[in-house]
Amino acid sequence: MTLHIRVIAPDRTVWDAQAQEVILPSSTGQLGILVNHAPLLTALDIGVMRVRIDKKWTPIVLMGGFAEVEKNEVRILVNGAEEVSAVDVNVAQANLDQAIQSLEAAATSKEKIEATQNVRKARARLQGVMAYNS
């Protein structure tokens, strides 16, 4: 028996497949979902979702949203999502470094909030790329 996992971003369906397990970046920490999980609705944070199909794990970077689990279906609505298979680890590290520099240079509250979000997104991308390459 498997889970049907669907990840939907505003512009497209990012993922739609069967899997044995998914680990979500919930707002309270990592949340593992297996077959026959109890019904659940949870907020998602910026972070890496990991999907296990057979013995292979696939990371997908989520940019926050919500997940609903019911009857072996996991519906994930996100602000944005990125598959990391085509991202180079050096590019991801450079983007994180740039985001950190922007945060350090931020002067206004608005700039600091935006820069903090950019650092979190860049860090999640790098974590996803590292998980994909390991």
Side-chain angles (χ1 to χ4, degrees):
M1 186 169 258
T2 60
L3 296 167
H4 180 221
I5 301 169
R6 182 175 296 149
V7 178
I8 302 169
D11 58 341
R12 66 190 170 103
T13 298
V14 178
W15 185 272
D16 190 355
Q18 301 291 325
Q20 285 76 37
E21 182 178 2
V22 61
I23 299 175
L24 299 170
S26 80
S27 58
T28 58
Q30 298 291 307
L31 179 63
I33 307 293
L34 295 168
V35 173
N36 297 325
H37 194 283
L40 172 75
L41 180 63
T42 186
L44 298 177
D45 205 355
I46 295 170
V48 180
M49 173 181 89
R50 291 169 180 85
V51 180
R52 182 173 61 89
I53 299 174
D54 296 323
K55 294 182 180 180
K56 184 178 182 230
W57 287 93
T58 301
I60 299 173
V61 178
L62 303 181
M63 300 304 171
F66 293 91
E68 178 185 32
V69 179
E70 188 174 35
K71 297 179 183 172
N72 291 324
E73 290 192 26
V74 182
R75 288 176 291 281
I76 302 166
L77 304 174
V78 292
N79 299 323
E82 301 172 6
E83 295 185 60
V84 295
S85 58
V87 179
D88 180 80
V89 68
N90 295 321
V91 171
Q93 182 65 56
N95 289 340
L96 176 58
D97 294 342
Q98 177 62 39
I100 291 170
Q101 289 176 0
S102 295
L103 176 59
E104 291 169 352
T108 67
S109 293
K110 181 182 178 197
E111 288 174 348
K112 289 177 184 177
I113 290 168
E114 289 175 358
T116 299
Q117 287 296 92
N118 290 336
V119 167
R120 293 178 69 213
K121 289 176 183 179
R123 187 170 286 132
R125 283 185 196 103
L126 181 59
Q127 288 172 348
V129 170
M130 304 269 298
Y132 181 79
N133 291 328
S134 62

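Position 1 is the first residue of the sequence; numbering continues from there. Only heavy atoms go into these numbers, but all of them, side chains included; no hydrogens, no water, no symmetry mates. Keep in mind it's a predicted model, so treat the numbers as computed, not measured.
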**Q** Following the transitive rule for hydrophobic clusters with a side-chain heavy-atom cut-off under 4.5 Å over Ile, Leu, Val, Met, Phe, Trp and Tyr, establish whether I23 and L126 coincide in one cluster.
**A**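 In one cluster: no.
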
**Q** Taking all non-hydrogen atoms of both residues into account, name the closest pair between V84 and G128 and its distance.
**A**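 What the structure gives for the nearest pair is CG2-O, 3.3 Å.
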
**Q** According to the side chain to side chain donor-acceptor pair (under 3.5 Å) rule, which pairs have a member within residues 24-39, sequence neighbours left out?
**A**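 Sorted result for residues 24-39: S26-T28, N36-N72.
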
**Q** Less than 3.5 Å apart, any donor N or O on the side chain of Q101 or D97 sitting next to an acceptor on the other?
**A**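 No - no donor-acceptor pair under 3.5 Å links their side chains.
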
**Q** About how many Å separate CD of Q98 and CG of L103, when rounded to the nearest 0.5 Å?
**A**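 So the gap between those two atoms works out to 11.5 Å.
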
**Q** Provide the closest heavy-atom pair for G80 versus P10 in the form atom of the first, atom of the second, distance.
**A**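 G80 and P10 have their closest heavy atoms at N-CD, 4.5 Å.
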
**Q** Is it true that R75 and E70 have a side-chain N and a carboxylate O under 4.0 angstrom from each other?
**A**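 Answer for the salt bridge query: yes.
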
**Q** Linking Ile, Leu, Val, Met, Phe, Trp and Tyr by side-chain heavy atoms under 4.5 Å, what else ends up with V91?
**A**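 Besides V91, the cluster holds no residue at all.
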
**Q** Who are the side-chain hydrogen bond (donor to acceptor under 3.5 Å, both in side chains) partners of Q18, not counting sequence neighbours?
**A**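 For Q18 the side-chain hydrogen bond (donor to acceptor under 3.5 Å, both in side chains) partners, ignoring immediate neighbours, are T2.
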
**Q** Going by the side chain to side chain donor-acceptor pair (under 3.5 Å) test, which pairs reach into residues 47-65, not counting sequence neighbours?
**A**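 Found E21-R52.
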
**Q** Side chain to side chain donor-acceptor pair (under 3.5 Å): which pairs involve residues 104-117, sequence neighbours left out?
**A**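 Matches after skipping sequence neighbours: Q117-R120.
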
**Q** Would you compute the distance between atom CZ of R125 and atom CD of E82 and round it to the nearest 0.5 angstrom?
**A**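 Separation between the atoms: 4.0 Å.
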
**Q** Whether the side chain of D88 engages the backbone of N90 through a donor-acceptor N/O pair (distance < 3.5 Å, no angle test) should be reported.
**A**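 At least one qualifying donor-acceptor pair exists.
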
**Q** Do you know the tightest heavy-atom contact between V61 and A124?
**A**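 Minimum heavy-atom contact is CG2-O, 3.6 Å.
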
**Q** Atom CG in N118, atom CD1 in I46: separation rounded to 0.5 Å?
**A**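 If we round to the nearest 0.5 Å, N118:CG and I46:CD1 are 9.0 Å apart.
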
**Q** Test question: given the 4.5 Å side-chain rule for I, L, V, M, F, W and Y, name all other residues clustered with I33, or answer none.
**A**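 Members alongside I33: M1, L3, I5, V7, V14, W15, V22, L24, L31, V35, L40, L44, M49, V51, I53, I60, L62, V69, V74, I76, V78.
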
**Q** Output the distance between atom CD (E68) and atom OG1 (T42), rounded to the nearest 0.5 Å.
**A**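 Nearest 0.5 Å value for the CD-OG1 distance: 11.5 Å.
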
**Q** Are V119 and L96 side-chain neighbours, meaning at least one heavy-atom pair lies under 4.5 Å?
**A**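 The answer is yes; the side chains approach within 4.5 Å.
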
